[in-house]
Amino acid sequence: MEGELVLRGVNGLLRWQERSGAVMFEAEGRNNGSGIYKVYILSAGRDMPLGSLVPEGDFLRFRRAVPMVELVASGCWPPERAEARCVFAFRPLQAAAPSWAQENAPQRFLEKVYPNREGPEFSGVLSRQRGGVRQLAFPFDIKKAFPLLPIFCFARTESVEGAEYVIFSFDGSGNPIFPA
């Protein structure tokens, strides 16, 4: 006995063929990159998972032999319908945030905070540019003075590579920006 069903959920087909006490299933559907899918057969109100579809370029494919006794015991033989169910949805991919780099002269970005370069010396400062926003990350230690105290209300804390930092953001003119 052999057959074919529409594989709902991935716009595909599930084909099967009986071979010496087992049924060979093959499935193919469109890969839209939205998640991981499992193939199920359904019959008489019951369902049986067969396995996961594997991405191969623009397609999702599956191939498996299932013993006939297993199919009969599940109550899903012969199948009436086939479905591909998303068992794990991928989140939309986001562009990677620019990475942090060591900033040896953070004072050049702080003229509006410390006019005439009157500010303290800093070490271990990181910097990155995100669009039109410059971000400076100052190492944070509860036992030491808070960096950029005159504009503390513009700060947020963040872990960068396992260490705590105080992050300040500045617009293109050097004005501090409140954290989002």
Side-chain angles (χ1 to χ4, degrees), residues 1-103 126-137 139-140 154-172 177-180:
M1 177 177 180
E2 53 185 69
E4 177 179 286
L5 289 170
V6 170
L7 183 59
R8 297 176 188 186
V10 291
N11 195 23
L13 289 174
L14 174 69
R15 295 179 180 94
W16 71 85
Q17 184 177 37
E18 285 186 52
R19 293 186 190 163
S20 57
V23 177
M24 176 59 71
F25 288 96
E26 291 184 18
E28 182 177 279
R30 299 296 296 168
N31 182 6
N32 64 12
S34 65
I36 297 173
Y37 288 83
K38 276 197 175 183
V39 175
Y40 288 79
I41 55 172
L42 300 94
S43 184
R46 296 175 182 236
D47 64 359
M48 177 181 180
L50 296 178
S52 297
L53 289 160
V54 175
E56 293 179 13
D58 290 339
F59 295 94
L60 296 169
R61 292 194 170 98
F62 164 84
R63 183 180 168 111
R64 178 179 173 208
V66 180
M68 180 60 80
V69 293
E70 244 182 80
L71 292 166
V72 172
S74 74
C76 291
W77 190 255
E80 297 169 355
R81 291 192 341 253
E83 293 179 358
R85 298 178 188 165
C86 185
V87 294
F88 181 83
F90 300 139
R91 284 182 271 157
L93 294 177
Q94 299 175 349
S99 59
W100 292 99
Q102 192 68 39
E103 178 56 63
L126 304 177
S127 175
R128 71 178 173 188
Q129 184 77 28
R130 297 180 93 177
V133 176
R134 165 67 54 190
Q135 291 186 310
L136 297 176
F140 179 64
F154 291 92
R156 66 180 172 83
T157 59
E158 183 178 309
S159 180
V160 177
E161 297 178 8
E164 287 299 308
Y165 282 82
V166 177
I167 313 291
F168 292 91
S169 298
F170 301 89
D171 65 18
I177 301 170
F178 280 109

> Is there a side-chain contact between Leu126 and Glu103, using heavy atoms and a 4.5 Å cut-off?
Replying inline: no

> Taking only residues two or more places apart in sequence or in another chain, which ones pass side-chain hydrogen bond (donor to acceptor under 3.5 Å, both in side chains) with Glu2?
Replying inline: Gln17

> Are the side chain of Gln129 and the backbone N or O of Gly131 linked by a donor-acceptor pair below 3.5 Å?
Replying inline: yes

> Can you name the residues that form a ring-ring contact (aromatic ring centres under 6.0 Å, His included) with Phe154, not counting sequence neighbours?
Replying inline: Phe178

Output a table of donor-acceptor pairs, distance under 3.5 Å, between side-chain atoms of residues 53-65 and any protein atom two or more places apart or on a different chain; print 'none' if there are none.
from, atom 1, to, atom 2, distance (Å)
Glu56, OE1, Arg61, NH1, 3.0
Arg61, NE, Glu28, OE1, 2.7
Arg61, NH2, Glu28, OE1, 2.9
Arg63, NH1, Glu26, OE2, 2.5
Arg64, NH1, Leu50, O, 2.6

>> I'd like to check the side-chain hydrogen bond (donor to acceptor under 3.5 Å, both in side chains) partners of Tyr165; sequence neighbours left out, ordered by chain and number.
In response: none

> Is any side-chain heavy atom of Phe170 less than 4.5 Å from a side-chain heavy atom of Val133?
Replying inline: no

> Take atom CG in Asn11; do more than 12 heavy atoms of anything else shown fall under 6.0 Å from it?
Replying inline: no

> Would you say Ser169 and Arg134 make side-chain contact, with heavy atoms under 4.5 Å?
Replying inline: no

> Taking atom CG of Leu71 and atom CZ of Phe25, what is their separation to the nearest 0.5 Å?
Replying inline: 5.0 Å

> Does any non-hydrogen side-chain atom of Ile41 lie less than 4.5 Å from one of Leu14?
Replying inline: yes

>> Going by side-chain hydrogen bond (donor to acceptor under 3.5 Å, both in side chains), name the residues that satisfy it together with Glu164, two or more places apart in sequence or in a different chain.
In response: none

> If every non-hydrogen atom of Ser99 is compared with every non-hydrogen atom of Arg128, which pair is closest and at what distance?
Replying inline: O-CB, 3.6 Å

>> Nearest 0.5 angstrom please: Arg156 CZ to Ile167 CD1, how far?
In response: 5.5 Å

>> So which atom in Arg46 and which in Gly75 form the shortest heavy-atom distance, rounded to 0.1 Å?
In response: CD-CA, 3.9 Å

Anything under 3.5 Å between a donor and an acceptor, one on a side chain of residues 76-88, the other on a protein residue two or more places apart or in another chain? List them.
from, atom 1, to, atom 2, distance (Å)
Glu80, OE1, Ala44, N, 3.3
Arg81, NH2, Glu83, OE2, 3.2
Glu83, OE1, Arg85, NE, 2.9
Glu83, OE1, Arg85, NH2, 3.3
Arg85, NH1, Asp47, OD2, 2.8
Arg85, NH2, Asp47, OD2, 2.9

> Mind checking whether Trp16 and Leu5 have side chains closer than 4.5 Å, heavy atoms only?
Replying inline: yes

> If we only count heavy atoms from C-beta on, is the Leu7 to Val10 side-chain gap below 4.5 Å?
Replying inline: yes

